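One structure below.
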There are 2 protein chains.
Amino acid sequence: MVVDQKPRDLTDEEIDRIFGALADSTRRDILRQSMLREQSVSELAKNYAMSFAAVQKHVAVLERALLVTKERRGREQIVHSNPAALRRAARLLDAYEELWRDRIRRIEAILDETPPRTGHDQGT
Amino acid sequence: MVVDQKPRDLTDEEIDRIFGALADSTRRDILRQSMLREQSVSELAKNYAMSFAAVQKHVAVLERALLVTKERRGREQIVHSNPAALRRAARLLDAYEELWRDRIRRIEAILDETPPRTGHDQGT
DNA sequence: CTAACATGCAACCAAATGGTTGTAGATCAG
DNA sequence: CTGATCTACAACCATTTGGTTGCATGTTAG
């Protein structure tokens, strides 16, 4: 099978592009639309009150972030969503949360240390 | 208890701010640092090859995104991470993935329909 | 009190972003 | 072939972003 491959770690630039792409509601909607149904760029463009060129640019941003891919079909360009990239972003956020849980665990560990004595050594 | 409250849905602007804040590696690192240990802005600033004011701005961006909060302690400002906001972002991404799974389910449902006949009508 | 420190904030600048219009090339319908 | 459609891309513009420096203010240490 081709699925279940472990992907290499994302670079900082790749992560920048992913979150940057997600930081715009039009692009999030385009992503949502192409998750629901694969559509051409012009079909997608009909949903938004902006020029075709603007939508084209938004799709390009999503593409550079690897959140979607395009496939030419005749004169149309079909936008495919890439759920794997999205999942990796979600897992990335989970990892940050995990750091926080680590800290809590460390704090609890310190609190659990029954302090045996209050360090009263002799100096020299 | 105060935990386990169901938060209201995030607005588009809030989501913009969250992903926008995450789309910069310095800010992601600041977030990581403050997850590991609560630090003042100037302590955080020492880690980066940029001015204090620049770091201050990055922290402000994280704050506007509700990813961190600041608490004044004497002359210092302590940066607290907010894991809940991060978790909500992660769950948001999961929701997009789920849309895709819905589509797959719909496709499978169609394929499972045993096609009873191969539409061979008479034309005129 | 005074000096050092931590912060807040304004002004400024270059580059990136998000939109526009216009032009041109490919492809499909008739 | 001709016209309509879909896409690509360039040029342009306003706004935002990510950085800087400089200055003012509050706080702590001596």
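Keep in mind that what you see is a predicted model, and the values were worked out from it rather than measured. These values consider heavy atoms only, across backbone and side chains, with no hydrogens, waters or symmetry-generated copies. Throughout, a chain's letter reflects where its sequence line sits, starting with A, and its residues are numbered from 1.
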Could you work out which one of C/dA11, D/dT7, C/dT20 sits closest to the side chain of B/Lys57?
C/dA11
Within residues 13-29 of chain A, the residues having a heavy atom closer than 4.0 Å to DNA chain D are none
Please identify each residue that fulfils salt bridge (charged side-chain N to carboxylate O under 4.0 Å, His left out) with A/Arg105, with sequence neighbours left out.
A/Glu98, A/Asp102
Going by salt bridge (charged side-chain N to carboxylate O under 4.0 Å, His left out), name the residues that satisfy it together with B/Glu97, two or more places apart in sequence or in a different chain.
A/Arg87, B/Arg101
Residue that, paired with A/Met35, satisfies side chain to side chain contact (heavy atoms under 4.5 Å, CB included) out of A/Ile30, A/Leu67, A/Asn82, A/Leu86
A/Leu86
Sequence neighbours excluded, which residues qualify as salt bridge (charged side-chain N to carboxylate O under 4.0 Å, His left out) partners of A/Arg32?
A/Asp29
Identify, with sequence neighbours excluded, every residue that meets side chain to side chain donor-acceptor pair (under 3.5 Å) alongside A/Glu14.
A/Arg8, A/Thr11
Rounded distance (Å) that lies between atom P of D/dG26 and atom NZ of B/Lys70:
16 Å
Figure out the CZ/P separation between B/Arg73 and C/dA6, and round it to whole Å.
15 Å
Rounded off to whole Å, could you give me the CD-to-P distance for the B/Gln77 and D/dT28 pair?
13 Å
Considering every strand and a 4.0 Å limit on heavy-atom distances, what is the contact class for B/Val41: base, sugar-phosphate, or nothing?
sugar-phosphate
Atom pair distance, as rounded to whole Å: NE2 in B/His58 and C1' in C/dC9:
17 Å
Between C1' on C/dG22 and CD on A/Gln56, what's the gap in Å once rounded to a whole number?
13 Å
Under 4.0 Å from any atom of DNA chain D, heavy atoms only: list the residues of residues 42-53 of chain A that qualify, in numerical order.
A/Ser42, A/Phe52, A/Ala53
Apply side chain to side chain donor-acceptor pair (under 3.5 Å) to B/Glu108 and list each qualifying residue two or more places apart in sequence or on a separate chain.
none
For residues 50-58 of chain A, which side-chain donor-acceptor pairs fall under 3.5 Å, sequence neighbours excluded?
residue: A/Ser51; atom: OG; partner: A/Ala54; partner atom: N; Å: 3.1
residue: A/His58; atom: ND1; partner: A/Arg27; partner atom: NH1; Å: 3.2

By the salt bridge (Lys or Arg N to Asp or Glu O under 4.0 Å) test, which pairs, at least two apart or in different chains, include something from residues 37-49 of chain B?
A/Arg103-B/Glu38, B/Arg37-B/Glu43
DNA chain D base-pair string [pairs: Watson-Crick or G-U under 3.5 Å; |: paired with another strand]:
||||||||||||||||||||||||||||||
Which nucleotide in the list D/dA8, D/dA4, C/dG19 gets nearest to the side chain of A/Arg75?
D/dA4
What pairs with B/Asp16 under side chain to side chain donor-acceptor pair (under 3.5 Å), at least two apart in sequence or on another chain?
A/Arg28
Out of D/dA8, C/dT7, D/dT27, which has the shortest distance to the side chain of B/Glu76?
C/dT7
Which pairs with one or both residues in residues 60-69 of chain A pass side-chain hydrogen bond (donor to acceptor under 3.5 Å, both in side chains), sequence neighbours excluded?
none
Judged by atom type as modelled, is there a donor-acceptor pair below 3.5 Å linking the side chain of B/Gln77 to the main-chain atoms of B/Arg72?
yes
